[in-house]
Asks: 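Take this structure first; my questions come after.
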Amino acid sequence: MKPLRLLWTLPYLPWPITSGGKARQFHLLRELAGRGHRITLLVQSKTPADDEVRKTLAPLLEELIVLPRRPLRHPITLWHAATSPLPLLATVNGHAPALAQRFAQLLRQGHWDAIQVEHSYGFEPFGAELARTAQPFIITEHNVESELGAATYGKWPAPLRGLARYDQFRARRWEREVLAKAAAIVAVTESDARTLSQLGGRPAHVVSNGVDTRGFAHVKPDAASRTVLFVGNYEYAPNVDAVEWALSEIWPRVWQLVPDARFRICGHGLPEAWRQRFADPRIEWLGYVPDLTEVQSRSAAFLAPLRYGGGSKLKVLEAMAASLPLISTAEGLSGLKAAAGVHALVADTPDAIAQAIAQTLADPVAARTMGLAARDHVTQQFDWARSASQLEAVYQSLPSAKVAA
């Protein structure tokens with residue numbers, strides 16, 4: 001297809017890659033830029049774009065515009081959180097006059113072949129100008145925010161549970177409103193697409209997550225390490241729930257079966273309180289690691305004890321691409337088309353997960369076979385080039401876009 005002029009909005013910087021969402025954004029931007037598309041990226045970020053960020057993103061973009069986001073505890077944020085009809089996450093990222101003004105200026109600068117808004121919770125600053133100009137836009141949802149459920153709202157203090165239920169109601173209402181306005185809806189999985197289609201009143205497209213299989217091809221898991229790995233962004237509630245559930249319910253059972261097994265926990269935003277709460281020398285707290293393949297190569301398996309979240313999990317795809325034997329809940333494999341017993345051991349109760357971990361560590365030959373099958377699966381089924389082609393098809397579907405194949 002011919003190169004397009006794209007306006008893309010994000011409520012965070014896609015570099016450095018500290019979450020699955022950032023990985024998705026970065027790799028899709030890189031793929032589309034490689035195909036000649038001219039991309040302006042408008043970002044509202046809680047962290048500034050330093051020289052490394054700009055150096056990394058500059059080759060992919062025609063223009064990078066980064067505006068600061070108010071601190072979470074800013075009086076304006078707290079006021080809107082208490083009084084706005086929007087859900088909490090939308091108020092944190094919304095009510096941003098400077099961002100709305102810059103977006104309006106960009107719309108006035110000339111023709112855009114497609115306008116892409118990532119996340120309904122980041123939509124509020126753009127809604128008025130999009131409505132005023134009747135400009136069609138794409139909305140992309142990485143999961144169904146209102147369905148994150150107990151992972152988010154269950155963590156609220158008991159006196160605030162009523163407010164939590166109200167906020168979940170606001171989230172569902174906001175999703176319906178935003179999705180109904182979009183010219184095209186993008187989901188990450190078929191399951192999420194069905195839900196978003198019902199909410200938005202129109203079919204949703206699927207642009208699946210991918211993985212850089214070449215980047216993980218050299219990894220050889222170390223079965224002798226007896227170490228099981230988990231990676232996550234701990235600013236994301238389902239990952240917090242996963243670790244706390246694993247350490248409270250699963251790993252005490254694992255250690256009854258395999259006393260020398262170790263659990264390695266990596267990722268951005270690791271809560272310091274966990275070190276005191278779960279004080280066991282068999283737990284290795286690493287936090288953010290710049291080279292994930294290095295810790296994968298020192299691990300025997302990957303555990304994905306996820307109970308919430310939707311979408312598809314980049315960390316799970318990356319583990320599979322690295323041929324790490326995988327033990328996962330059904331939720332951890334959502335959207336990945338993985339076969340239980342072939343690509344992963346699948347279990348959803350603490351006892352069954354503990355048994356699966358013990359089985360994996362006890363039989364490294366079978367575990368290695370499963371890990372290689374998982375690598376083959378993601379190599380064949382998940383690729384960022386394929387995802388970029390899916391996104392280009394969405395651009396072509398826009399009613400007023402002058403897009404030619």
Side-chain angles (χ1 to χ4, degrees), residues 211-232 239 242-243 245-247 249-267 278 280-286 289 291-306 313-333 336-382:
V211 65
D212 181 9
T213 53
R214 290 170 295 181
F216 295 93
H218 68 281
V219 175
K220 294 182 179 179
D222 180 10
S225 71
R226 313 286 284 171
T227 300
V228 179
L229 175 66
F230 179 80
V231 179
N239 289 334
V243 171
W245 185 51
L247 289 174
E249 302 292 335
I250 298 169
W251 275 91
R253 291 169 167 84
V254 173
W255 285 319
Q256 288 178 354
L257 301 170
V258 192
D260 66 335
R262 298 180 61 83
F263 191 29
R264 176 175 291 138
I265 303 172
C266 301
F278 304 107
D280 191 296
R282 293 167 293 188
I283 304 170
E284 184 179 355
W285 306 97
L286 290 188
V289 292
D291 182 4
L292 182 56
T293 63
E294 190 272 333
V295 293
Q296 289 174 329
S297 298
R298 295 191 290 110
S299 303
F302 190 93
L303 173 63
L306 294 147
K313 301 0 182 232
L314 270 296
K315 54 184 163 284
V316 177
L317 274 173
E318 290 169 346
M320 296 170 76
S323 73
L324 270 172
L326 174 63
I327 304 99
S328 179
T329 57
E331 175 61 39
L333 292 173
L336 302 185
K337 305 175 184 177
V342 178
H343 306 121
L345 296 183
V346 183
D348 286 300
T349 66
D351 281 329
I353 295 171
Q355 290 285 347
I357 292 172
Q359 176 184 332
T360 299
L361 296 178
D363 192 346
V365 175
R368 178 64 174 160
T369 299
M370 187 173 67
L372 291 173
R375 173 181 281 175
D376 289 342
H377 174 68
V378 298
T379 300
Q380 295 168 14
Q381 296 289 328
F382 296 92

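As a basis for the values below, the full set of heavy atoms in this structure was taken, side chains included, without hydrogen atoms, waters or symmetry mates.
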Asks: Any side-chain heavy-atom pair from W251 and I283 closer than 4.5 angstrom?
Replies: no

Asks: Once rounded to the nearest 0.5 Å, what's the spacing between atom CG of D212 and atom CG of L317?
Replies: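 Interatomic distance, D212 CG to L317 CG, rounded to 0.5 Å: 12.0 Å.
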
Asks: Begin from the C-alpha positions of L306 and K313 and carry the test side-chain contact (heavy atoms from CB on, under 4.5 Å) through to its verdict.
Replies: CA-CA 10 Å; L306 294 147; K313 301 0 182 232; 3.7 Å; yes

Asks: Taking all non-hydrogen atoms of both residues into account, name the closest pair between S225 and A300 and its distance.
Replies: OG-N, 3.3 Å

Asks: Measure the CD-CG distance between E284 and L229 for me, rounded to the nearest 0.5 Å.
Replies: 9.5 Å

Asks: Keeping the roles fixed (side chain from R264, backbone from R298), state whether a donor-acceptor pair exists under 3.5 Å.
Replies: yes

Asks: Quick check: does any side chain N or O of R282 sit under 3.5 Å from a backbone N or O of P259, one acting as donor and the other as acceptor?
Replies: yes

Asks: Closest approach of I250 and A354, non-hydrogen atoms and distance?
Replies: O-CB, 4.1 Å

Asks: Where do V254 and V228 land on the side-chain contact (heavy atoms from CB on, under 4.5 Å) test, with the steps shown first?
Replies: CA-CA 11 Å; V254 173; V228 179; over 6 Å; no

Asks: Using every non-hydrogen atom in the two residues, find where A301 and L324 come nearest and quote the distance to one decimal.
Replies: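 Scanning both residues, the minimum pair turns out to be N-CD2, 3.8 Å.
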
Asks: Kindly give the heavy-atom pair with the smallest separation between F302 and A319, and that separation in Å.
Replies: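 Reported closest heavy-atom pair: CG-CB, 3.6 Å.
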
Asks: Which atom pair, heavy atoms only, marks the closest approach of L247 to P252?
Replies: O-CD, 3.4 Å

Asks: Which atom names give the shortest non-hydrogen contact between M320 and L326, and what distance separates them?
Replies: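 The answer is CG-CD2, 3.9 Å.
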
Asks: May I ask you to decide if the ring planes of F263 and F230 are parallel, tilted or perpendicular, using 30° and 60° as cut-offs?
Replies: tilted

Asks: Evaluate the criterion side-chain contact (heavy atoms from CB on, under 4.5 Å) for residue pair D222 and T227; output intermediate values, then yes/no.
Replies: CA-CA 8 Å; D222 180 10; T227 300; over 6 Å; no

Asks: From L345 CG over to L303 CG, what is the distance, rounded to the nearest 0.5 angstrom?
Replies: 11.0 Å

Asks: Could you measure the distance from the CD atom of Q359 to the CG atom of L257? Nearest 0.5 Å is fine.
Replies: 11.5 Å

Asks: side-chain contact (heavy atoms from CB on, under 4.5 Å), that's the test. Do F278 and V243 meet it? Break it down for me.
Replies: CA-CA 10 Å; F278 304 107; V243 171; 5.6 Å; no

Asks: Would a 4.5 Å heavy-atom cut-off, applied to side chains only, mark E294 and V289 as touching?
Replies: no

Asks: Once you round to the nearest 0.5 Å, how far does NE2 of H343 lie from CG of L333?
Replies: 10.5 Å

Asks: Just by modelled atom types, is the A261 backbone N or O under 3.5 Å from a matching donor or acceptor in the W255 side chain?
Replies: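 Yes.
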
Asks: Applying side-chain hydrogen bond (donor to acceptor under 3.5 Å, both in side chains) to S323 and R368, what does each step give before you reach the verdict?
Replies: CA-CA 8 Å; S323 73; R368 178 64 174 160; 3.0 Å; yes

Asks: Say whether, by atom type as modelled, one donor and one acceptor occur between the side chain of H377 and the main chain of A373 under 3.5 angstrom.
Replies: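 A pair under 3.5 Å: no.
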
Asks: Give, for atom OG1 of T349 and atom CD of Q355, the distance between the pair rounded to the nearest 0.5 Å.
Replies: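 So the gap between those two atoms works out to 9.5 Å.
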
Asks: Only pairs at least two apart or in different chains count here, so list each salt bridge (Lys or Arg N to Asp or Glu O under 4.0 Å) that has a residue in residues 253-263.
Replies: R226-D260, E249-R253, R253-D351

Asks: Do T369 and L372 touch side chain to side chain, with heavy atoms closer than 4.5 Å?
Replies: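 T369 vs L372: side chains apart.
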
